[in-house]
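Below you'll find the structure, written out as C-alpha cells, and then a few comments.
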Amino acid sequence: MEYRILGKTGLKISRLGFGGIPIQKIDAAGTKKLIGQLFEEGVNFIDTARGYTVSEEYLGYALEGLRDKFVLATKSMARTKEAMAKDIDVSLKNLRTDYIDLYQIHNPSAKDLEQVIAEGGALEALYEAKAAGKIGHIGVTLHSVDLFKQAIEMPWVETVMFPYNIVETQGEELIAKCAEKDIGFICMKPLAGGAIEDAQIALRFIVSNPAVTVVIPGMADSAEVKQNISACADTSPLRADETEKIEGIKSLLGTNFCRRCNYCAPCSVGINISAVFLFEGYYSRYDLKDWAKDRYSSLAKSASDCIGCGVCEERCPYHLPIRQMLKKAAEVMGK
C-alpha cells in the first residue's frame, strides 16, 4: 500500500481510502468485518457523513479497538454555528470517539458557503471544535468547479473532496493546484456513480495522477476491497493499452453523462438539474433506493417540473439531451 501526506493536515494516509456510503445497505456486523479487512490490508483512511443515515453508527461499532489505526473523516450539511456544533457532537457519539481527524463542510452552494464563513456560520463551530480537540482539521466537499476555485484560495481549507474519474475531468487543473498549495485532494465518485463498470481501469486512471492524494471508492464487501486494492497497487503512468481502453469508455459515456459542471443552471423553473441526475444515479446504480429517494424528495423541484424550454441544453458544454434525461429521471424517481 502506498501512503501519502494529506496536504497541510500532515496526516499520513493510504492512497486508497474507504467511502462510507454503501455500508448503508449492509449491517453493523458486516461493517465490522469489512473494517477489519481494511486494517489488515493497510487501508487507513475512512470517509463518511452525517447524511449517510446509519453509516457513522456502523463505523463507530466497527472501529472499537481499532480507532487509533485509522484516519477518520466525516462531514455535515450544517451551515450555521449552532447546527454544526450539534452535528459534530452527534458524529463523535455515533463514531464512538473523542476526536475526528477531518471534519468537512458537505457540498455547499455558493450561497451556503457565504453563510458558512459569515458571522454565526458553521466555520465558527469548526474552529471552536478544533481548538477543543474534537476535530483535527477542516475540509470541504464540492461538485462545482467555480466553488473549487474559491475554496483553494480560502486559508482555512485543508482538504478538498471533488468528483474525478475517466469522464469527469473538469477539476483536473484545480487538482494540480491543490498539490501546489499543499491542500489534500480527496477523489470521490471514482466510478462516476457506478456508470464506469471497469473498476480496475477507473482506479488506475486516478492513481496514475500524482496530484490525487487519496481515492475513496465505496465498498460493501470483501471482493470489492480486494479488487480496489489490486487496482490501486500500480501507481505508474498509464500504458498505451490502458489509455486506449479509457478513450473507449469516454466515447461510450461522454455523450450522455452529466458531469455536474452546472453550466446548465439556472433552470427557468428552478430544477437543480445536476442534483436530479446525481440522486437518480444513486437510485439506479448503487442499490440505495430509499436513501436516494429521500434526498430526491428534499429538492424544491422535481424532474417532472421540467417545461421543456431547452435553455439548459443550449448552455450544456457536452450537448446532453437534458430534457430527455429529465423525463427518464422522473419515470425512475416517480415524479
Side-chain angles (χ1 to χ4, degrees), residues 6-11 47-52 56 72-95 99-163 170-171 174-175 177-178 180-186 188 260-267 270-276 278-279 294-295 297-301:
L6 185 61
K8 62 184 76 172
T9 72
L11 297 166
D47 176 79
T48 183
R50 287 289 309 110
Y52 299 165
E56 283 187 341
L72 187 56
T74 192
K75 45 195 176 288
S76 166
M77 298 285 290
R79 307 307 186 210
T80 67
K81 179 179 179 180
E82 182 180 4
M84 180 61 80
K86 181 180 178 181
D87 267 3
I88 291 169
D89 286 340
V90 172
S91 291
L92 290 166
K93 181 181 178 182
N94 286 345
L95 292 164
Y99 75 100
I100 293 165
D101 298 282
L102 174 66
Y103 213 96
Q104 301 155 104
I105 296 163
H106 195 172
N107 195 28
S109 65
K111 185 177 180 180
D112 290 338
L113 193 56
E114 288 180 6
Q115 183 180 14
V116 163
I117 63 178
E119 183 177 353
L123 187 58
E124 289 185 4
L126 290 166
Y127 278 144
E128 290 183 6
K130 191 173 182 180
K134 292 181 177 181
I135 67 173
H137 305 279
I138 301 170
V140 62
T141 78
L142 302 164
H143 287 85
S144 160
V145 171
D146 289 338
L147 290 180
F148 194 165
K149 290 177 183 176
Q150 290 182 42
I152 60 176
E153 300 301 329
M154 294 177 171
W156 55 270
V157 173
E158 297 176 83
T159 66
V160 172
M161 182 187 295
F162 193 81
Q170 66 271 23
L174 296 170
I175 294 168
K177 286 187 178 180
C178 280
E180 293 172 9
K181 291 176 172 288
D182 200 24
I183 295 170
F185 179 73
I186 303 168
M188 65 169 159
R260 298 191 293 281
C261 64
N262 289 313
Y263 288 121
C264 60
C267 168
I271 301 170
N272 186 335
I273 296 170
S274 62
V276 166
L278 177 66
F279 298 139
D294 181 64
R295 287 301 184 90
S297 67
S298 71
L299 296 174
K301 297 283 186 176

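Count residues from 1 along the sequence.
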**Asked** If you measure from CE on Met84 to OH on Tyr127, what distance do you get to the nearest 0.5 Å?
**Response** 12.5 Å

**Prompt:** Rounded to the nearest 0.5 Å, how far apart are CZ of Arg79 and NE2 of His106?
**Reply:** 8.5 Å

**Message:** Strictly distance-based, threshold 3.5 Å: is any side-chain N or O of Lys75 a donor or acceptor partner for the main-chain N or O of Thr48?
**Reply:** yes

**Message:** Show, in sequence, the C-alpha distance, side-chain angles and deciding distance for Asp47 and Met188, and conclude whether the side chain to side chain contact (heavy atoms under 4.5 Å, CB included) test is met.
**Reply:** CA-CA 10 Å; Asp47 176 79; Met188 65 169 159; over 6 Å; no

**Request:** For the pair Thr159 and Phe185, evaluate side chain to side chain contact (heavy atoms under 4.5 Å, CB included) and give the outcome as yes or no after the intermediate values.
**Result:** CA-CA 6 Å; Thr159 66; Phe185 179 73; over 6 Å; no

**Complete:** Correct closest heavy-atom pair for Ala129 and Ile88 would be CB-CD1, 3.7 Å

**Minimum heavy-atom distance between Ala78 and Ala122, given as atom pair plus value** = O-CB, 3.7 Å

**Asked** Once you round to the nearest 0.5 Å, how far does CD of Glu180 lie from NZ of Lys177?
**Response** 7.5 Å

**Item:** Option from Leu174, Ile175, Val157 for which side-chain contact (heavy atoms from CB on, under 4.5 Å) with Ile152 holds
**Value:** Leu174

**Prompt:** Would the number of heavy atoms belonging to other residues, nucleotides or ligands and lying under 6.0 Å from NZ of Lys86 be above 12?
**Reply:** no

**Item:** Closest non-hydrogen atom pair, Ser91 against Arg50
**Value:** OG-CD, 2.9 Å

Distance-only criterion, 3.5 Å: show the donor-acceptor pairs between side-chain atoms of residues 131-141 and protein atoms not counting sequence neighbours.
residue, atom, partner, partner atom, Å
Lys134, NZ, Asp89, OD1, 2.9
His137, ND1, Glu158, OE1, 2.7
His137, NE2, Thr9, O, 3.3
Thr141, OG1, Asn107, N, 2.8

**Item:** Where Leu299 and Ala275 come nearest, the two heavy atoms and their spacing
**Value:** CD2-CB, 3.9 Å

**Prompt:** Just by modelled atom types, is the Gly51 backbone N or O under 3.5 Å from a matching donor or acceptor in the Arg295 side chain?
**Reply:** yes

**Asked** Between atom NE2 of His143 and atom OG of Ser109, what is the distance when rounded to the nearest 0.5 Å?
**Response** 13.0 Å

**Complete:** When rounded to the nearest 0.5 Å, the distance separating CD1 of Ile100 from CG of Asn94 is 9.0 Å

**Prompt:** So, are Glu56 and Lys93 salt-bridged, with charged N and O less than 4.0 Å apart?
**Reply:** no

**Asked** Between Gly184 and Leu6, what is the shortest heavy-atom contact and its length?
**Response** CA-CD1, 3.8 Å

**Asked** Would you call Asp87 and Thr74 a side-chain contact if the rule is heavy atoms closer than 4.5 Å?
**Response** no

**Request:** Indicate the ring-plane relationship of Phe148 and Phe162, choosing parallel, tilted or perpendicular according to the 30° and 60° boundaries.
**Result:** tilted

**Prompt:** When rounded to the nearest 0.5 angstrom, what distance separates CG in Leu72 from CG in Leu102?
**Reply:** 9.0 Å

**Request:** Could you walk me through whether Ile183 and Lys8 pass side chain to side chain contact (heavy atoms under 4.5 Å, CB included), step by step?
**Result:** CA-CA 6 Å; Ile183 295 170; Lys8 62 184 76 172; 4.1 Å; yes

**Complete:** Tightest non-hydrogen contact, residues Pro163 and Leu142, listed as CD-O, 3.3 Å

**Pair Leu126-Val116, side chain to side chain contact (heavy atoms under 4.5 Å, CB included): steps then yes or no** = CA-CA 10 Å; Leu126 290 166; Val116 163; 5.7 Å; no

